[in-house]
Novice: 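Take this structure first; my questions come after.
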Amino acid sequence: MWNPLLLSLLCQKSKSERSVQFPFLHFSGISPASFWLFCLFPGAWDLVGAYWDMRQANYQHSTRYFHAWGNYDAAQGGPGSVWAAKVISNAREDPQGLLNQHHFGSSSCELENLNSNQKAGEWGQSGNDPKHFRPASLPKEY
């Protein structure tokens, strides 16, 4: 059985940055769909882990930290994990932003929070340290 971490490390962008190389698929018998499943899963799992920790911490003003942390962990998994993190973040934030804008208007505090969470996620996806958003009194276990 293939280790998802190993597969995500093998997931490399080509020199043209337009496609992904699958250098071992010809010999291993793994389909591109299975390969992408293993490349995307670690990124999705990193976001789920950060969400779970955020819910357990239940700490006020820590949302940006956990968004940055989940996306940072996904960025460490390679391009497939980064792509999964972007898709999941956008799938959650885009509809939420539209609903908030429709319900509260464009000057909503909720919309400002959503935008700051998006920026924190982008911060983490770019490989920057998520501790930049860490609240000072958040318990050390997080």
Novice: Where is the tightest heavy-atom contact between His61 and Pro135, given as atom of each residue plus distance?
Specialist: O-CG, 3.4 Å
Novice: Apply side chain to side chain contact (heavy atoms under 4.5 Å, CB included) to residues Asn128 and His132 and explain how you reach the verdict.
Specialist: CA-CA 8 Å; Asn128 293 321; His132 175 76; over 6 Å; no
Novice: For Ser81 and Ala74, which heavy atoms make the closest approach, and how far apart are they?
Specialist: CB-O, 3.0 Å
Novice: Which residues, ordered by chain and number, are linked to Leu138 in its hydrophobic cluster, where ILVMFWY side chains connect at heavy-atom gaps below 4.5 Å, directly or through other members?
Specialist: Tyr51, Met54, Tyr59, Tyr65, Phe66, Trp69, Trp123, Phe133, Tyr142
Novice: Can you tell me if Ser116 uses its side chain to pair, donor with acceptor, with the backbone of Asn113 under 3.5 Å?
Specialist: yes
Novice: Nearest 0.5 angstrom please: Arg64 CZ to Asn117 CG, how far?
Specialist: 8.0 Å
Novice: When Ile, Leu, Val, Met, Phe, Trp and Tyr are grouped by side-chain heavy atoms lying under 4.5 Å apart, directly or through other members, which residues fall in the same group as Leu47?
Specialist: Ile88
Novice: Is Asn71 reaching over with its side chain to a backbone N or O of Gln125, donor-acceptor style, under 3.5 angstrom?
Specialist: no
Novice: What are the two closest heavy atoms between Ala75 and Gly124, and how far apart are they?
Specialist: CB-O, 3.8 Å
Novice: Nearest 0.5 angstrom please: Lys140 NZ to Arg134 CZ, how far?
Specialist: 7.0 Å
Novice: Please report the interatomic distance NE2(His67) to CD(Glu122), rounded to the nearest 0.5 Å.
Specialist: 12.0 Å
